[in-house]
Enquirer: 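One structure, as structure tokens, below. Some questions next.
Each chain gets a letter, A, B and so on, in the order the sequences are listed, and its residues count up from 1.
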Amino acid sequence: MSGGEMVHPVVQVLGSKMIPASQGSGERYRLLISDGIHLNSFAMLATQHNSKITSGELSENSIIKITNHIVSVVKNTGKGDKRIMVILEMEILKRGSEVGHRIGNPAPFTEGARDNTQQETAQHETPQPSSDVKPNGEFIRRITVESLQNLANYSRRSINDTTLNSPMNTTMTHPIISLSPYQNNWVIKARVTSKTAIRHWSNARSEGKLFSMDLVDESGEIRATAFKDQVDKFYDMIEEGKVYFISKCTLKMANKKFTTINNDYEMTFTNDTKVVPCMEDDTSIPSLKFNFVNLNLILDSQPGDMIDFIGICQSTADLVSLTSKTTNRELKKRDITLVDRSLASINLTLWGTQAEDFCGDGQPVIAVKGGKVSDFGGGRSVSLVSSSVLQLNPDIPEAHRLRGWYDCLTEDVKFNSLSTRGGETGSGGKWYTLGEATLLQLGCGDKADYFNCYATLMHVRTEKSVYKACPTPDCQKKVIDQNNGMYRCEKCNREFENFKYRLMLSANIGDYSGNQWVTLFQDAGEELLGIKADEVGKLQEESDSEYNEVFKKVTLMPYQFRLRAKMETFNDESRVKITVFTVKKPDYKERCTRLINEIKEMSGMGSCTS
DNA sequence: CCCCCCCC
């Protein structure tokens with residue numbers, strides 16, 4: 001921390017403090033580390049290691065070897081500069097529980113104190129009031145706005161005006177994580193992981209053209225956008241996958257609605273922006289960064305959310321041409337189905353040339369950064385947008401893990417389809433108890449809500465289970481008995497000598513949390529009763545006992561229901577009506593898998609089935 | 001300064 005080189009330092013971790021997530025950027029951990037003689041609380045853990053803290057792997061008293069780090073100088077106005085270490089890579093040599101205690105009697109390290117005076121100096125030093133560390137080493141759990149600001153302002157090395165004007169080189173660049181609107185003199189060395197096409201816009205305020213690119217380095221990632229003149233200047237020069245030195249852009253808050261890039265800010269090119277290709281491809285600069293979510297968790301996303309995910313392309317639909325109703329444009333799309341280890345499957349829509357060129361042969365691994373969630377049909381599906389990045393069989397650990405898992409799957413594995421449409425059979429959608437459905441006010445919104453539940457059929461009303469309907473094939477209208485052997489359909493405006501019976505059952509279903517009146521129309525009704533509507537009608541006419549037996553057989557039996565909840569208004573009175581779309585005997589194997597996954601999620605053990 | 005991203 002005096003500025004010298006240090007290869008793989010070994011330190012003890014004495015404490016950690018979470019810095020909460022803000023504006024969509026993830027939480028980070030600040031560590032209190034000790035070398036046995038000195039303490040330092042200005043160590044930040046790179047976010048990809050957060051799980052080591054949350055899992056308890058990196059607990060208090062752990063001994064770690066830091067195999068890759070950046071030390072950066074923070075401009076700390078009025079208090080002299082401070083050095084902050086970002087721990088990029090590390091190995092846990094001994095777990096905290098194995099060590100069990102603090103080694104030595106470390107004292108706070110004061111910036112500027114010389115190394116060889118360490119012990120004596122440390123003992124006589126009075127800690128600064130601003131220090132986060134007490135003499136006894138207690139880590140005061142205090143992270144201030146100021147310290148966050150400092151972190152945002154730190155630089156890998158101070159850059160003065162002279163160095164800015166000289167050719168940029170690797171030793172004087174800033175980590176992307178340090179960029180903020182409050183500091184202008186920075187140079188980053190970053191890889192362009194994706195670049196959009198040039199897009200033209202025109203609205204009430206202005207018109208023009210733009211393109212954007214995603215940039216990453218070992219500290220983080222950021223999106224940059226170039227407008228108008230900068231498009232002409234830089235579009236051809238900037239190539240996907242290449243590393244550049246970039247300086248003199250402005251920074252502003254990023255709108256999380258349009259990106260999954262893990263940064264509070266985004267960059268805009270200006271007239272002064274400099275972009276210089278880095279001649280040697282520096283492999284220390286990573287390529288695309290994903291923040292994958294398991295497919296089953298997409299159910300918890302809101303329509304319009306942007307997410308990263310990875311899955312096996314289980315099937316590929318044909319290319320479809322269609323005309324957009326809103327823009328009248330000719331569109332080409334292709335749907336593919338992805339599955340992952342959470343045993344969920346989801347529909348992904350590709351557009352344009354990407355749809356045309358896609359080939360799903362060999363069931364490749366598909367990784368997507370920034371796909372857009374949609375809720376068509378009450379389930380969830382994902383659609384690519386112009387800023388999305390799709391990778392086919394990417395060479396990343398998650399992809400290899402998925403491949404290995406999928407290739408070993410037995411054939412009888414069932415996936416829970418998140419993209420099942422409301423009216424279709426299948427298990428897509430959320431599972432709720434009846435109590436939860438009420439609490440969540442399902443069906444109280446503008447649109448219908450679909451959900452699944454396990455419940456017992458408590459009662460079916462035997463009165464009015466069937467009605468006499470118009471015999472015209474696609475007409476379901478109730479006919480009026482003319483009492484002369486003729487039946488009139490108002491909808492078809494015709495009289496018939498015959499009619500057909502249709503089911504409209506009113507039933508009460510219940511689970512431990514509550515009960516609910518539901519309606520079953522023709523198909524669901526026949527499915528439940530196991531006989532055709534015509535038969536039900538005949539039995540009603542002919543035999544009370546047989547007719548009643550039909551309902552008795554299904555009463556107090558367990559089922560799994562797919563339900564639709566929708567607000568309906570009748571005679572000025574609004575209420576939520578619940579309709580059964582499908583009813584099946586419970587699939588207990590599937591239910592157990594779901595319960596096990598829920599337990600794993602709730603206990604933080606991960607939701608993947610291994 | 002965009003932020004539209006389509007269809008059932």
Enquirer: Could you state the atom-to-atom distance from CG of Asn203(A) to P of dC3(B) in whole Å?
Expert: 7 Å
Enquirer: Quick one: Trp351(A) CH2 to dC8(B) P, roughly how many Å, whole number?
Expert: 9 Å
Enquirer: Atom CZ of Phe227(A) to atom P of dC2(B): distance rounded to whole Å?
Expert: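 About 6 Å, once rounded to whole Å.
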Enquirer: Please confirm whether Phe211(A) and Tyr235(A) have ring centers closer than 6.0 angstrom.
Expert: yes
Enquirer: Describe the nucleic acid contact of Glu266(A) in one word from base, sugar-phosphate, nothing, applying a heavy-atom distance below 4.0 Å.
Expert: base
Enquirer: Mind telling me whether Phe227(A) and Trp201(A) have parallel, tilted or perpendicular rings, with 30° and 60° as the class edges?
Expert: perpendicular
Enquirer: Atom CG of Leu210(A) to atom C1' of dC2(B): distance rounded to whole Å?
Expert: 5 Å
Enquirer: What is the separation between atom NZ on Lys252(A) and atom C1' on dC3(B), rounded to the nearest whole Å?
Expert: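 Atom-to-atom, Lys252(A) to dC3(B), this comes out as 9 Å.
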Enquirer: If you check every side-chain atom of Leu331(A), which of dC7(B), dC6(B), dC1(B) has the closest atom?
Expert: dC6(B)
Enquirer: Indicate, with a heavy-atom threshold strictly under 4.0 Å, whether Ser386(A) touches base, sugar-phosphate, or nothing.
Expert: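 The answer is base, as Ser386(A) lies within the cut-off (heavy atoms under 4.0 Å) of a base atom.
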Enquirer: Under 4.0 Å, heavy atoms only, any strand: does Thr259(A) hit a base, just the sugar-phosphate, or nothing?
Expert: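 Contact class for Thr259(A): none.
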Enquirer: Looking at Lys228(A), does any N or O in its side chain come under 4.0 Å of the phosphate oxygens OP1/OP2 on dC2(B)?
Expert: no
Enquirer: Please determine whether a side-chain nitrogen of the Lys or Arg among Lys289(A) and Glu221(A) lies less than 4.0 Å from a carboxylate oxygen of the Asp or Glu.
Expert: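 No, Lys289(A) and Glu221(A) are not salt-bridged.
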Enquirer: Reckon Lys209(A) touches a base, only the sugar-phosphate, or nothing at all at heavy-atom distances under 4.0 Å?
Expert: nothing
Enquirer: Whole angstrom is fine here: how far is it from CG in Asp229(A) over to P in dC2(B)?
Expert: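 After rounding, the reported distance stands at 16 Å.
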Enquirer: If the threshold is 4.0 Å, N to carboxylate O, is there a salt bridge linking Lys242(A) and Glu239(A)?
Expert: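 A salt bridge links Lys242(A) with Glu239(A).
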Enquirer: Does a side-chain N or O of Arg199(A) approach OP1 or OP2 of dC3(B) to a distance below 4.0 Å, or not?
Expert: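 Indeed, a polar side-chain atom of Arg199(A) lies that close.
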Enquirer: With the criterion set at under 5.5 Å between ring centres and under 30 degrees between planes, would dC8(B) be stacked on Phe376(A)?
Expert: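 Whether judged by distance or by angle, Phe376(A) passes, so it stacks on the base of dC8(B).
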Enquirer: Find the distance Lys333(A):NZ to dC8(B):P and express it as a whole number of Å.
Expert: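 Distance, rounded to whole Å: 9 Å.
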Enquirer: Are there more than 12 heavy atoms of other residues, nucleotides or ligands under 6.0 Å from atom CD of Glu207(A)?
Expert: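 Not more than 12 within 6.0 Å, no.
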Enquirer: Of the nucleotides dC3(B), dC7(B), dC2(B), which one has an atom closest to the side chain of Ser206(A)?
Expert: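 Between dC3(B), dC7(B), dC2(B), the one nearest the side chain of Ser206(A) would be dC2(B).
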Enquirer: dC3(B) P sits how many Å from Met267(A) CE, rounded?
Expert: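 Distance, rounded to whole Å: 20 Å.
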Enquirer: Given dC2(B), is OP1 or OP2 found less than 4.0 Å from the side-chain N or O atoms of Arg223(A)?
Expert: no
Enquirer: For Glu568(A), is there an ion pair with Arg575(A) - N to carboxylate O distance below 4.0 angstrom?
Expert: no
Enquirer: If we require ring centres under 5.5 Å and near-parallel planes under 30°, does Phe258(A) stack on dC3(B)?
Expert: yes
Enquirer: For dC3(B) and Lys256(A) - does any side-chain N or O of the residue sit under 4.0 Å from the phosphate oxygens OP1/OP2?
Expert: no
Enquirer: Would you please confirm or rule out a distance under 4.0 Å between OP1 or OP2 of dC7(B) and any side-chain N or O of Thr323(A)?
Expert: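 So the side-chain polar atoms of Thr323(A) never come under 4.0 Å of the phosphate oxygens OP1 or OP2 of dC7(B).
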